[in-house]
Amino acid sequence: MNNAVVKIPEAYNEPIKEYLPASTETKRLKGELNRQLSLTVEIPVIINGERIKTGKTDVVQCPHDHGHVLATYHNASEVHVKKAISSALEAKRKWELMPWNQRAAIFLKAADLISQKYSSRLNAATMLGQSKNVFQAEIDATCELVDFLRYNVKFMEDIYRNQPLSEKGIWNRMEYRALEGFVFALTPFNFTAIAGNLCSAPALMGNSVVWKPSSAALLSGYYLMEIFMEAGLPDGVINFIPGNGAMISDIVLNHRDLAGIHFTGSTAVFNSLWEKIGENISKYRSYPAIVGETGGKDYIFMHPSANTNQVVTAAIRGAFEYQGQKCSACSRMYIPESRWGEFKKTLVSEMQTIQMGSVMEFKNFVNAVIDEPSFARICGYIKRAQKADGVEVLTGGTFDDSKGYFVDPTVLVVKDPEYETMTREIFGPVLSIYVYPDEQLDQTLDLVDKTSEYALTGGVFASDRQAIADMETRLSNSAGNFYINDKPTGAVVGRQPFGGARGSGTNDKAGSLMNLLRWVSPRTIKENFVPPEDYQYPFMGE
């Protein structure tokens, strides 16, 4: 029996390890990197806790060395997808009835397992399988992932404590039920933390999940699934099904018990999911909750009063950390003509110091892009820019896939602010700059707002406070995460809830209470302690 009013441990953000050259964490991580390079892991389908080897396999390669196989993985078939759905629905019956503090304990334990026991394993898998340098892996696979798990538990407590007012003789209360059915989680390659959050956030609130991980992030995803199981997650609550996304989605989206979708990926794929759900709407038991964070064409706008060094630093970090493969990555900039000469000189000088190469060399700021299709798409933009009138390749413009999928960080200067690299999501290390006449600042702000279909992140730089206030107002709908004198990447869980609108998604703010509210179905309960025994009201006395 538990008749305590439980208080959850206070959530906090995981400290970022620095990985100085001779530090203990550096030695430990390098040892783990070499250990994983010496293995070929076999990744099964995991349904209801059972590890299933389907025999239909593909490989996981290192993007920085695509000849090196890290793992083989088994693809789920149609039979396995249907089995995963059945297992999720069966597991949900007991899972949603488990006391909420017991569910909380599982994910708090997972957070501490990652923080204390498996940090090097997850970081190394993310570095090797997703081509992140040590810092990018640390802030993702350890810190942000742990932050999601800890803060989501705190947000769950806050939701459950939110109760309506009562009056004499009446007790009003609110019950936050899990959704009726199962949740489908489709996760991206670029953040191990996002993958972990997309499947665990609905589960925390009492839902069961069918998880389709990205084929380009399977090693870290598999290790994460093992951690959830070690933390005590009951069988069937999260089912891990690598495989063909189109096939899996077709089965899931046609199932009457689909209760929700938790998605991060491209806008085109998200649109197709909406369309399919619309076609099937009469099949479902309930209207599915559709939560998605999609594309971005994120910007930095430099006001004439801004500090050049600060803007250059934000540009390089915002555009080229993790090779620009962040939904929030800066990919377009607007620089005033009066500051262009100074800005250009400083940017070119700094770009020449960037080192690119293997994730095994910690000195490298830039690593490989994720795979051959991404490499080909990014290079296509660069090749067209090299031939286009009105486009100057300021730095970079080279690429090589002979060993790994390497694209040199590239800066383009465009005369047309609506040239394709200013408007389309490239998802690679390509930054486009438009130099605007100072006297056309207001018109250029309109361009920033209207140039693309997206509205995810954006930043403005200025020292003039009135200019900051004006830009904040004028650009209010251009970004769901708006930054003042800072790069438009690096939202911290519990500090800057993340998400955008327009073509960037449903803006349900991952890393906040708002996201978790999408995974519950509230029920209002009114209890009358002394019910009336006469139907007549006082006004009827006349």
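Since the model is a prediction, treat every value here as computed from it, not as a measurement.
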_When you compare the side chains of Y299 and S478, does any donor N or O come within less than 3.5 Å of an acceptor on the partner?_
yes

*Taking atom OH of Y287 as the centre, does the number of heavy atoms from other residues, nucleotides or ligands within less than 6.0 Å exceed 12?*
no

_Donor-acceptor pair between E14 and S115 side chains, under 3.5 angstrom_ = yes

*With sequence neighbours excluded, tell me which residues meet ring-ring contact (aromatic ring centres under 6.0 Å, His included) with Y405.*
H66

*Pairs involving residues 71-97, ordered by first then second residue, that meet ring-ring contact (aromatic ring centres under 6.0 Å, His included) (sequence neighbours left out)*: none

*For a side-chain hydrogen bond (donor to acceptor under 3.5 Å, both in side chains) with Y19, tell me which candidate from N123, N133, T26 qualifies.*
N123

*To the nearest 0.5 Å, what is the distance between OG1 (T267) and CD (E425)?*
6.0 Å

*What orientation do W211 and F240 show, parallel under 30°, tilted 30 to 60°, or perpendicular over 60°?*
perpendicular

_is_close_aromatic(H255, F182), centroid dist under 6.0 Å_ = yes

*Once you round to the nearest 0.5 Å, how far does OG of S512 lie from CZ of F498?*
12.0 Å

*Do NZ/NE/NH1/NH2 and the carboxylate oxygens of E96 and R93 come within less than 4.0 Å?*
no

*Could E25 and R28 be called an ion pair, given the rule that one side-chain N must be under 4.0 Å from one carboxylate O?*
no

_Rounded distance (nearest 0.5 Å) linking atom OG1 of T187 with atom CG of L218_ = 8.5 Å

_Side chains of N152 and N197, donor plus acceptor under 3.5 Å_ = yes

_On the six-membered ring of Y454, is K297 placed so that its NZ or CZ lies under 6.0 angstrom from the centre and within 45° of the ring axis?_
no

*Any side-chain donor near an acceptor of the partner, D508 and N515, under 3.5 Å*: no

